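Report on one structure; see the data block that follows.
Reminder, nothing fancy here: chain letters follow the sequence lines and each chain counts from 1. Since the model is a prediction, treat every value here as computed from it, not as a measurement.
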Number of protein chains: 2
Amino acid sequence: METVKAKKYHHGNLEEALVLAGLREAQASGTRNLGVTHLAKSVSVSPMAVYRHFSSGESLKAAISQNARENLAHRMQAAALAVSGTRNRFRALGEAYIHFALTEPGLFSVAFVACDVPPAREDDPSAWGVLQAGIQELCDDGLIAQSATESVAAFAWSSVHGFAMLANGLDPVRPQATPEDISKLLDLVWDGILGA
Amino acid sequence: METVKAKKYHHGNLEEALVLAGLREAQASGTRNLGVTHLAKSVSVSPMAVYRHFSSGESLKAAISQNARENLAHRMQAAALAVSGTRNRFRALGEAYIHFALTEPGLFSVAFVACDVPPAREDDPSAWGVLQAGIQELCDDGLIAQSATESVAAFAWSSVHGFAMLANGLDPVRPQATPEDISKLLDLVWDGILGA
DNA sequence: TTTACTATGTTTAGAGCATACACATTTGAA
DNA sequence: TTCAAATGTGTATGCTCTAAACATAGTAAA
């Protein structure tokens, strides 16, 4: 029987289980409870078992953070695929990004937490890559010059990421964001892009 | 003699000394070494002495973070005062913000670190307030409608803050920012604002 | 000046966390 | 079957945060 996983000496897939537990914690309380001991306990394993799969607590945290970023990138892709039209598709990327920050503040903050250790592999998919694909489409449609892709990408990412962080309340600054605020921001970003 | 401060049982101004030590640490290594024990040691005081001035390590960190933000706000004000013309002055705010992030990455990351504890008082001056003053000036000059100030403020802040974080390398994403990148970003922001 | 109160530091001690080292169990390949 | 590699446990060290009790210095009133 595969359906009942008896409790064995060997866990079976501890690495994945730890990351998943970390994501659950992140969802509930952000960066706070991502320690080795806490996560080990949450999957019923001794703290030292973690080190068979991660070289340090920091690298476990980095893996969790990476997974959260990939989660975001997936949602962006899905949002873009769900609508048609170059502009709508591009706008959907920004909406998905901000929606993620607002509905999953814990995951969002973990996704962009500064880790001492770099992630083991590249993000797959990466939010940055998804954005670039969207911008290439703008380019193909003649909405912006090929030479402008770099700066447009930096501008779009910056605006949306900055707004997400602020709206999210992550930073010790200011009020909440309404759907109108989000819409207006994306309008302004679009204006900036076309004006280039 | 005031010039030689003999080592006394009472420190004299421990609260300020701790925050200053924290800022020095932040400048050197960001968020890493802002613990109670470490900072206490760096001003030659026992760890418990800290708690006569801060209710917890978190609240000390919050005070350091606040001081870093005020430092940023001061630089923005100074930059704005140094140039003339509404547009130049507004642009100088963004330049100062990004320049701060790039030249003082440690302070910048501490300034916007998520603290469990809210700051004891309001930021004074606050970067947000300085920005709003700049935007009011745009409004007074008839460059934007009074009704647009809110969304323009959110847009400008978001773009510059997001760019600063990304350029800073704080986030686990992408390459460096050149002066041209910065200039282009501010151009795009300006376009977006005027298009509103 | 003496006394007493308040502010500010120190010492001691306990809890929690990261992690090095030695040991135990399981798995899988020869 | 047998043994080496992979994976997990237990124990121990050293770090941090912080509570409690104690010590010293500054200050104000008698």
Side-chain angles (χ1 to χ4, degrees), chain A residues 1-2 4-22 24-26 28-65 110 113-118 120, chain B residues 1-2 4-22 24-26 28-65 110 113-118 120:
Chain A
M1 297 267 212
E2 283 284 346
V4 174
K5 295 183 183 178
K7 192 136 184 195
K8 300 187 295 186
Y9 190 94
H10 280 70
H11 180 285
N13 201 349
L14 184 52
E15 176 171 337
E16 186 183 354
L18 285 169
V19 172
L20 290 178
R24 263 194 309 272
E25 276 306 325
S29 57
T31 309
R32 235 182 304 271
N33 298 113
L34 300 184
V36 170
T37 305
H38 189 81
L39 291 178
K41 196 163 302 181
S42 84
V43 297
S44 307
V45 143
S46 84
M48 282 310 295
V50 172
Y51 294 91
R52 296 294 180 192
H53 302 271
F54 299 94
S55 61
S56 70
E58 269 301 303
S59 83
L60 168 55
K61 208 180 313 189
I64 295 165
S65 174
V110 168
V113 75
C115 293
D116 291 351
V117 178
Chain B
M1 295 265 212
E2 283 283 349
V4 174
K5 294 183 183 177
K7 191 133 184 201
K8 300 186 296 185
Y9 189 95
H10 279 70
H11 180 285
N13 200 351
L14 184 53
E15 177 171 337
E16 187 183 354
L18 285 169
V19 172
L20 290 178
R24 254 180 283 126
E25 276 306 326
S29 57
T31 309
R32 235 182 304 271
N33 298 114
L34 301 183
V36 169
T37 305
H38 189 82
L39 291 177
K41 196 163 300 180
S42 84
V43 298
S44 307
V45 144
S46 82
M48 283 309 296
V50 172
Y51 294 91
R52 295 294 180 190
H53 302 273
F54 299 94
S55 60
S56 70
E58 269 301 304
S59 85
L60 168 55
K61 207 180 312 189
I64 294 165
S65 174
V110 169
V113 75
C115 292
D116 290 351
V117 179

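- Distances from the side chain of H11(A) to the nucleotides dG8(D), dT18(D), dT19(C) place dG8(D) closest.
- For S65(B) against V110(B), the heavy-atom pair with the smallest separation is OG-O, 2.8 Å.
- Looking at heavy-atom distances under 4.0 Å, V45(A) makes contact with sugar-phosphate atoms alone, never a base.
- Atom CZ of R32(A) and atom P of dC17(D) are 17 Å apart (whole Å).
- In this structure, Y51(A) atom OH and dC23(C) atom P are separated by 21 Å, rounded to whole Å.
- Whole-Å rounding puts the L14(A) CG to dG8(D) P distance at 5 Å.
- Here the P atom of nucleotide dT8(C) and the CE atom of M48(B) are 15 Å apart, to the nearest Å.
- Here dT16(D) presents its C1' atom at 13 Å from CG of L39(B), a figure rounded to the nearest Å.
- Note: NZ (K41(A)) to P (dG16(C)) measures 8 Å, nearest angstrom.
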(Q) Does V50(B) form a side-chain contact (heavy atoms from CB on, under 4.5 Å) with L39(B)? I'd like the steps, not just the answer. (A) CA-CA 9 Å; V50(B) 172; L39(B) 291 177; 5.9 Å; no

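- Rounded to whole Å, atom C1' of dT19(C) lies 14 Å from atom CG of L60(A).
- The pair K61(A)-D116(A) does not meet the salt-bridge criterion, since no charged nitrogen lies less than 4.0 angstrom from a carboxylate oxygen.
- A close approach under 4.0 Å does not occur between any side-chain nitrogen or oxygen of S46(A) and OP1 or OP2 of dG8(D).
- In this structure a side-chain-to-backbone donor-acceptor pair under 3.5 Å is present from S56(B) to S59(B).
- Residues G35(A) and R52(A) both approach DNA chain C. Their nearest nucleotides, taken by heavy-atom distance, put G35(A) toward the 5′ side.
- Note: CZ (F54(A)) to P (dT7(D)) measures 12 Å, nearest angstrom.
- No contact: H38(A) has no heavy atom under 4.0 Å from any strand.
- With distances taken from any side-chain atom of V36(B) to the nucleotides dT18(D), dT10(C), dA18(C), the minimum falls on dT18(D).
- Between the E25(A) side chain and the L34(A) main chain, no donor and acceptor come within less than 3.5 Å of each other.
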